[in-house]
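Working notes, beginning with the structure itself.
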Amino acid sequence: MPLIIKDEYPEKLFREDGKRLDGRDTDELRPIKMEVGIIKNADGSAYLEWGNNKIFAAVYGPREVHPHHLAKPDRGILRVFYRMATYSVFDRKRPAPGRREKEISMIVADCLEPVLFLELYPGTSFEVFIEIIDADGGTRCASTTVAALALADAGVPMKSLVSAIAVGKIDGKIVVDLSGVEDKAGEADLPCAITWYNEEISLLQFDGNMDLDEMNEFMDLATKSLKEIHQMQLDALKSKYITLKEEETKEKEEEVKEGEK
Ligand code: UDP
């Protein structure tokens with residue numbers, strides 16, 4: 001899949017065969033790969049490849065709050081730091097965190113907070129560091145999804161996972177999971193997230209134009225895709241424990257063999 005080239009957006013976002021420019025159908029997600037437990041020094045971590053997006057999330061906590069004045073005596077706090085690497089986009093991104101990064105950090109924190117039991121951790125903080133290594137549209141949704149996985153990997157008690165997806169409109173058609181070029185050249189973009197324990201929407205942003213029927217179509221498509229993403233998150237978590245179990249069994253078998261010698 002080609003990355004976005006600045007100012008070279010195509011006039012049409014569908015090919016002659018009715019597929020999107022990257023070959024997808026309207027309801028098709030980009031290829032997604034998730035892995036947990038990949039950063040040794042973090043309490044929990046996850047890595048996500050979502051189309052051309054490449055994102056790491058690392059979690060620390062519960063731990064002492066720095067600076068101290070942010071601590072709350074009756075509950076823990078969740079701090080999210082979304083950062084885009086300078087080399088993650090076509091233009092050089094300024095290294096200092098900009099307004100967009102602060103906004104997305106806040107959005108991701110708002111999406112995740114409802115699933116945490118922060119009242120059980122007074123005076124402490126959970127910190128989630130999200131590093132965008134390569135960006136190609138939908139990074140706020142991908143970041144929310146990978147951050148939820150990293151929190152689960154850290155063993156932080158959670159009511160459920162959180163999954164996120166962007167749906168939108170390109171060339172008059174409703175599509176799921178906008179790529180960078182579709183995000184920029186399309187007519188509408190609606191990122192949303194769901195907290196699975198109560199099936200409530202914890203993020204709903206909107207940029208563009210649509211009518212009520214289209215809104216219903218958006219939500220149907222988002223619901224279907226969110227279920228697919230949730231299943232991938234569960235599979236990624238399970239796969240770590242299956243690997244650990246296999247390693248443990250192998251070690252035990254080797255110990256038995258050594259003992260028999
Ligand atoms: N983008 C970029 N430069 C920037 C910020 C964003 O090229 O400084 C690209 C990047 O690929 C990003 C896309 O524009 O994924 C859409 O950005 P938006 O702010 O809509 O957020 P996102 O869709 O990533 O959640």
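Treat the numbers as computed from the prediction; the structure is a model and nothing was measured.
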- Item | Short side-chain to backbone donor-acceptor contact, Thr145 and Ala164, under 3.5 Å | yes
- How far apart are the C-alpha atoms of Val156 and Leu116, what are their side-chain angles, what is the distance that settles it, and do they pass the side chain to side chain contact (heavy atoms under 4.5 Å, CB included) test? CA-CA 8 Å; Val156 177; Leu116 300 179; 3.9 Å; yes
- Query: Is there a chain of hydrophobic side chains (I, L, V, M, F, W, Y, each step under 4.5 Å between heavy atoms) that links Leu226 to Leu161?
  - Reply: yes
- Please check if Met106 and Phe81 belong to a single hydrophobic cluster, counting links between Ile, Leu, Val, Met, Phe, Trp and Tyr side chain heavy atoms closer than 4.5 Å. no
- Query: For the side chain of Asp153 and the backbone of Leu237, is there at least one donor-acceptor N/O pair under 3.5 Å apart?
  - Reply: no
- Quick check: are there more than 12 heavy atoms from other residues, nucleotides or ligands sitting under 6.0 Å from CG of Asp211? yes
- Query: At what distance, to the nearest 0.5 angstrom, does CG of Asp177 lie from CG of Asp27?
  - Reply: 11.0 Å
- Message: Whether Glu182 and Arg30 form a salt bridge (side-chain N of Lys/Arg under 4.0 Å from carboxylate O of Asp/Glu) is what I want to check.
- Response: no
- Can you tell me how far the CD1 atom of Ile130 sits from the OG atom of Ser143, to the nearest 0.5 Å? 4.5 Å
- Query: Would you say Cys192 and Leu204 make side-chain contact, with heavy atoms under 4.5 Å?
  - Reply: yes
- Task: For the pair Arg15 and Asp17, find out whether any cationic side-chain nitrogen is under 4.0 Å from an anionic carboxylate oxygen.
- Result: yes
- Message: Within this structure, what is the OG-CG distance for the pair Ser163 and Leu203, rounded to the nearest 0.5 Å?
- Response: 12.0 Å
- Item | Distance in Å, Phe14 CZ paired with Thr26 OG1, rounded so as to fall on 0.5 Å steps | 6.5 Å
- Query: Can any side-chain N or O of Glu101 pair as donor or acceptor with the backbone N or O of Gly98 at less than 3.5 Å?
  - Reply: yes
- Taking Asp171 for its side chain and Leu13 for its backbone only, find out whether a donor-acceptor pair lies under 3.5 Å. yes
- Task: Check which hydrophobic residues are tied to Tyr87 through side-chain heavy-atom contacts below 4.5 Å, counting indirect links as well, and list them.
- Result: Ile38, Ile39, Tyr47, Phe56, Ile133
- Message: So for atom NZ, which belongs to Lys72, do other residues, nucleotides or ligands contribute more than 12 heavy atoms lying within a distance under 6.0 Å?
- Response: no
- Got a donor-acceptor contact below 3.5 angstrom from the Glu127 side chain to the Gly61 backbone? no
- Item | Test log, rule side chain to side chain contact (heavy atoms under 4.5 Å, CB included), inputs Val128 and Leu78 | CA-CA 8 Å; Val128 182; Leu78 172 68; 3.9 Å; yes
- Using 4.0 Å as the upper bound for N to carboxylate O, is an ion pair formed by Arg63 and Asp43? no
- Query: To the nearest 0.5 Å, what is the distance between CE (Met34) and CD1 (Ile55)?
  - Reply: 10.5 Å
- Message: Any heavy-atom pair between the side chains of Val176 and Glu228 that's under 4.5 Å?
- Response: no
- Item | Salt-bridge present (Lys250, Glu246; N to O < 4.0 Å) | no
- Task: Work out which heavy atom in Ser202 is nearest to a heavy atom in Cys111; give both atom names and the distance.
- Result: OG-O, 3.3 Å
- Task: Report whether Ile32 and Leu221 are members of the same hydrophobic cluster (ILVMFWY, side-chain heavy atoms less than 4.5 Å apart, transitive linking).
- Result: yes
- Nearest heavy-atom approach of His68 to Glu64 is CE1-OE2, 2.7 Å
- Task: Check whether more than 12 heavy atoms from other residues, nucleotides or ligands sit under 6.0 Å from atom NZ of Lys224, and answer yes or no.
- Result: yes
- Does Leu151 share a hydrophobic cluster with Ile107, counting links as ILVMFWY side-chain heavy atoms below 4.5 Å and allowing steps through other members? no
- Could you tell me which non-hydrogen atom of Ala135 sits nearest to which non-hydrogen atom of Val89, and how far apart they are? CB-CG1, 3.9 Å
- Item | salt_bridge(Arg20, Asp25) N-O dist < 4.0 Å | no
- Under 4.5 Å between any side-chain heavy atoms of Ile194 and His230, yes or no? no
- Positive for side-chain contact (heavy atoms from CB on, under 4.5 Å) with Leu149, one of Val162, Val36, Leu48: Val36
- Query: How many angstroms lie between atom CD of Glu35 and atom NZ of Lys240, to the nearest 0.5 angstrom?
  - Reply: 10.5 Å
- Message: Filter on salt bridge (charged side-chain N to carboxylate O under 4.0 Å, His left out), then keep only pairs touching residues 189-205, sequence neighbours left out; what's left?
- Response: none
- Gly172 and Glu187 have their tightest heavy-atom pair at N-OE1, 3.0 Å
- Message: Check whether Asp136 reaches the backbone of Asn53 with its side chain - one donor and one acceptor, N or O, closer than 3.5 Å.
- Response: no
- Item | Geometric class of the Tyr60/Phe129 ring pair [parallel <30°, tilted 30-60°, perpendicular >60°] | perpendicular
- Item | Same cluster (ILVMFWY, side-chain, under 4.5 Å), Val167 and Val175 | no
- Taking all non-hydrogen atoms of both residues into account, name the closest pair between Lys159 and Phe117 and its distance. CG-CZ, 3.4 Å
- Check: Ile77 and Arg79 side chains under 4.5 Å, non-hydrogen atoms: yes
- Query: What pairs with Thr223 under side-chain contact (heavy atoms from CB on, under 4.5 Å), at least two apart in sequence or on another chain?
  - Reply: Lys227
- Note on the structure: Which of Arg140, Arg100, Lys102, Glu103 passes side-chain hydrogen bond (donor to acceptor under 3.5 Å, both in side chains) with Tyr82? It is Arg100
- Test side chain to side chain contact (heavy atoms under 4.5 Å, CB included) on Leu244 and Glu248 and set out the steps. CA-CA 6 Å; Leu244 285 177; Glu248 193 187 84; over 6 Å; no
- Task: Mind listing the closest non-hydrogen atom pair of Cys141 and Pro191 along with its distance?
- Result: SG-CB, 3.6 Å
- Message: Evaluate Met215 against Leu190 for side chain to side chain contact (heavy atoms under 4.5 Å, CB included), listing each step before the verdict.
- Response: CA-CA 10 Å; Met215 179 69 182; Leu190 183 141; 4.0 Å; yes
